[in-house]
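Reckoned from all heavy atoms, side chains included, excluding hydrogens, waters and symmetry mates. Just so it is clear, the structure is predicted and the values come from calculations on it, not from any experiment.
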Amino acid sequence: MIRKLRILTIAGLSIFAAAAATAYAGDTAPSDQSGFYILGRLGTALPIEQDIRNPIFGKGDYDPDDGFGLEGAAGKYFGDGWRAEISYKWLRGSDGTASFDIGPVFQLDGHGQSQTVLFNVLKTVGSFDTLFGTISPFVGAGVGFSSLDRSDIKLVGFGTIPGDNTETVFAAAAHLGYDVNLAPGVTLSSQWSFQYADEATFKGAFFGADLVRESQIQISTFTGLRIDLN
């Protein structure tokens, strides 16, 4: 039931974003671009902490000291403002702590990372001129999978975490962003993604017991360039 509610939340956010962006953009015509493109962005996700649970210590959270990410995509325009793409997003959290409700706090050393692949459909919902150039808001949604890897994380004082430290789960996202034309075929693109990922279970990965990363919604923000190929 919780999983369904979260997916419905993503759908609601997507509808709200589309309505808001359309109202803001006005009645101007959408993009008439065609052909293929590639893009690259830098960014991070909030919150970077993750809810976890373990049969020994109960519920808690994993809180990295920092988070950083890269995103790349390749896609095609379909006219009237539509485009479709395959995107790859890599996020890494460094060091930090794992704390639990019953008290223990474990210091962590190393990196945890996720790699997410989505098939996205996006729609430009208008454009308007500003002092910074022509701005074109867009909305969209995507589905795919997210692969999590905790193999490089060590518990300070205990060493390498045993067990299975990798897991792959279903992922989906709603997107909201804007493009700014910098030059013919070159676009500054900024995107916010409301990304849902299923619960992940790492078998025997915490003192011989399973460690569960609960299902979550993260808001990621990435900015970079989109380059038209023709």
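- At least one side-chain heavy atom of Lys123 sits less than 4.5 Å from a side-chain heavy atom of Val125.
- Side chains of Asn54 and Ile52 form no contact here, defined as non-hydrogen atoms less than 4.5 Å apart.
- Counting heavy atoms from C-beta on, the side chains of Phe68 and Trp90 come closer than 4.5 Å.
- Within the 4.5 Å cutoff, no side-chain heavy atoms of Leu118 are placed close to those of Val143.
- In this structure, Phe222 is not a member of the same hydrophobic cluster as Ile219, with clusters built from ILVMFWY side-chain heavy atoms closer than 4.5 Å.
- Taking every heavy atom of both residues into account, Gly67 and Thr44 meet most closely at O-OG1, 3.2 Å.
- A 4.5 Å side-chain heavy-atom check between Lys203 and Thr201 finds at least one atom pair inside the cut-off.
- In this model, no donor atom of one side chain and acceptor atom of the other lie less than 3.5 Å apart for Ser215 and Asp198.
- For the atom pair Arg41 CZ and Arg226 CZ, the distance stands at 7.5 Å (nearest 0.5 Å).
- Remark: Lys76 NZ is packed, more than 12 non-hydrogen atoms of other residues, nucleotides or ligands lying under 6.0 Å away.
- Minimum interatomic distance between His175 and Gly142 (heavy atoms only, all atoms of both residues): NE2-N, 4.0 Å.
- Annotation: the span from Phe57 atom CZ to Leu211 atom CG amounts to 11.0 Å, rounded to 0.5 Å.
- Here OG of Ser94 is found 7.5 Å from CG of Asp65. Values are rounded to the nearest 0.5 Å.
- Sequence neighbours left out, the pairs with a member in residues 81-92 that pass salt bridge (charged side-chain N to carboxylate O under 4.0 Å, His left out) are Arg83-Asp179.
- Counting heavy atoms from C-beta outward, Thr97 and Leu108 have side chains that stay 4.5 Å or more apart.
- Side-chain N or O atoms of Thr134 include none that pairs as donor or acceptor with a backbone N or O of Asn181 at under 3.5 Å.
- With rounding to the nearest 0.5 Å, the separation of CG in Leu70 from CD in Gln115 is 11.0 Å.
- Ring-plane geometry between Trp192 and Tyr178 is classed as tilted, the angle between the planes lying from 30 to 60 degrees on a 0 to 90 degree scale.
- A donor and an acceptor atom, one from each side chain of Gln191 and Ser193, are located under 3.5 Å apart.
- Sorted by first then second residue, the salt bridge (charged side-chain N to carboxylate O under 4.0 Å, His left out) pairs that include residues 100-117, not counting sequence neighbours, number zero.
- A 4.5 Å side-chain heavy-atom check between Glu199 and Val212 finds at least one atom pair inside the cut-off.
- Contact check for Leu148 versus Phe202: side-chain heavy atoms found under the 4.5 Å cut-off.
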